Amino acid sequence: MPELPEVETIVQGLNRKLKNRKIVDLWTDWPKYFKLPKGEKNFRRCIIGKKIISVERRAKNVLIYLSDNYLMLVHQKMSGHLMVGHWQKIVSADNLPENWQGQKWRPVKFSGPFTDPMNRFIRLIFYLDDGRMLALSDLRRFAKVLCASKSIIFNLPEIKKLGPEPLDKNFTYKKFREPFFSKGGKIKQLLMDQTFISGIGNIYADEILWASKIHPLRTIASLKEENFRELYRTTQSILKKAVRLRGTSIDDYRDATGQKGDYGKMLLAYHHDGEPCKRCGAIIKRMKIGGRSAHFCPRCQKI
DNA sequence: ACAATATCCTGCGAGC
DNA sequence: TGCTCGCAGGATATTG
């Protein structure tokens, strides 16, 4: 679900709310979430009793720094949302809110945005020592949660391989341009390749390409220097603006407190197929590229 | 070696 | 109304 701006927004919220909290218990109805890297045997033991030092973002991963040099990594994948709320144990299921009726029983009352439909899909809960909880709502159950010592997590291949952060101060044009010399293929797929630049997914790839007037099927070899300049510029400006507006809530994305992001109304290509292009008036098209839908203007994004 | 496809899941809306 | 199909913001494994 969330891409860089959404994960960044969530992380900022979590960091404010979770700092110095101790994790006292956890509950899940989907133990498959837990992945233990080599050297760790027991997820519960990794987590319980640990204090949360800080929360940071790397690519689309949420990094929760714990005491004893431990680190919990959460990847929300397509439908995951981390949120913080108050909780109390529910003794009887009789007075569950309407949107929980008929759902699998959950051991808590989540009093954040209680009527938020996403609450139905809370599958994992970390209970905190201040009476609050960190919950993972995840309709499709794709999310992944890892816990291990810092060094083990940072040495995982999927973390080590990650490309540079596009909003990092050190992300110069040179750094952006360099990998294109050695890689081929189509521009859209490369923009979404996490080993190339980290944090860009389907929405922002489409927006960046529209803003740069580049067709998603353009090959790297066909791009001119001015195209790369434009891609570099729009990548940073679009992601920055999306972070400022707290992400895109087309469907179900929420920040850590259940609020929607405001970048949705800024979208100019993504989900605008069938509508006139805001720049030239041609009808925005949608096509499948590498199993994902791409939205683009067939007139001003020339192939 | 590369790229297209299947896979992990569930819910929703469209179309018949 | 009720069924089936396609679709969804990700990443990895498998196939061709």
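All chains are named by letter (A, B, ...) in the order of the sequence lines, taking the proteins before the strands, and each is independently numbered beginning at 1. Since the model is a prediction, treat every value here as computed from it, not as a measurement.
- Remark: ring of A:Phe142 does not overlap the six-membered base ring of C:dA11 in a stacked fashion, as centroids less than 5.5 Å apart with planes less than 30° apart are not both met.
- In this structure, A:Met192 places its CE atom 13 Å from P of C:dT12, rounding to the nearest Å.
- Comparing the P positions of C:dC3 and B:dC8 gives a spacing of 25 Å, expressed to the nearest Å.
- Here, C:dA11 and B:dA1 have their P atoms 24 Å apart, quoted to the whole Å.
- When each of B:dT10, C:dA11, C:dG10 is scored by its nearest atom to the side-chain atoms of A:Asn202, the top-ranked nucleotide is C:dG10.
- Side-chain N/O atoms of A:Lys288 include one lying less than 4.0 angstrom from OP1 or OP2 on C:dA8.
- Atom NZ of A:Lys183 has more than 12 neighbouring heavy atoms from other residues, nucleotides or ligands inside a 6.0 Å radius.
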**Item:** salt bridge (charged side-chain N to carboxylate O under 4.0 Å, His left out) assessment of A:Glu158 paired with A:Lys144
**Value:** CA-CA 13 Å; A:Glu158 66 259 44; A:Lys144 162 175 104 163; 3.2 Å; yes
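- Using atom P as the reference point in both C:dG6 and B:dA6, the two lie 12 Å apart (nearest Å).
- Classification of the A:Phe196-A:Phe180 ring pair by plane angle, with boundaries at 30° and 60°, yields perpendicular.
- Residue A:Gln189 places at least one side-chain N or O closer than 4.0 Å to OP1 or OP2 of B:dA4.
- Within the 4.0 Å cut-off from OP1 or OP2 of B:dT10, at least one side-chain nitrogen or oxygen of A:Arg141 is found.
- Rounded to a whole Å, the CD1 atom of A:Ile203 is 7 Å from the P atom of C:dG10.
- Looking at heavy-atom distances under 4.0 Å, A:Gly185 makes contact with sugar-phosphate atoms alone, never a base.
- Rounding to whole angstrom units, NZ of residue A:Lys260 and P of C:dG9 are separated by 17 Å.
- Enclosure of atom CZ in A:Arg45 is not indicated, since only 12 or fewer non-hydrogen atoms of other residues, nucleotides or ligands lie within 6.0 angstrom.
- Within a 6.0 Å sphere centred on CZ of A:Arg16, heavy atoms belonging to other residues, nucleotides or ligands number 12 at most.
- In this structure, A:Ile122 places its CD1 atom 17 Å from P of B:dT10, rounding to the nearest Å.
- For A:Arg123 and A:Phe121, the positive end is not near the middle of the six-membered ring at less than 6.0 Å and at most 45° from its axis.
- Side-chain atoms of A:Val62 and A:Met72, non-hydrogen and from C-beta on, never get closer than 4.5 Å to each other.
- Sorted by residue number, the members of residues 289-298 of chain A with any non-hydrogen atom under 4.0 Å from DNA chain C read A:Arg292, A:Ser293.
- A:Glu207 contributes a side-chain N or O that, together with a main-chain N or O of A:Tyr270, makes up a donor-acceptor pair within less than 3.5 Å.
- In this structure, the CZ atom of A:Arg286 is 9 Å from the P atom of C:dG9, given to the nearest Å.
- Checked by atom type, the side-chain pair A:Lys188/A:Asn202 shows a donor-acceptor distance below 3.5 Å.
- Rounded to an integer number of Å, the gap from CG of A:Leu191 to P of C:dA11 is 14 Å.
- Atom CD1 of A:Ile208 is separated from atom P of C:dG9 by 15 Å (rounded to the nearest Å).
- Between A:Arg140 and A:Lys144, the one whose closest nucleotide on DNA chain C sits nearer the 5' end is A:Arg140.
- Within the structure, a side-chain polar atom (N or O) of A:His75 is placed less than 4.0 Å from OP1 or OP2 of C:dA11.
- Distance A:His81 NE2 to C:dA8 C1': 12 Å, rounded to the nearest Å.
- No side-chain N or O of A:Asn15 forms a donor-acceptor pair with one of A:Ser54 less than 3.5 Å apart.
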Taking Watson-Crick and G-U wobble contacts under 3.5 angstrom, with | marking pairs to another strand and [ ] crossing pairs, the secondary structure of DNA chain B is written .|||||||.|||||||
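- Taking side-chain N and O atoms only, A:Lys186 has a distance below 4.0 Å to OP1 or OP2 of B:dA4.
- The side chain of A:Tyr270 contributes an N or O atom lying less than 4.0 Å from OP1 or OP2 of C:dG9.
- Using the six-membered ring where Trp is involved, A:Phe228 and A:Phe176 have ring planes that are perpendicular, over 60° apart on the 30 and 60° scheme.
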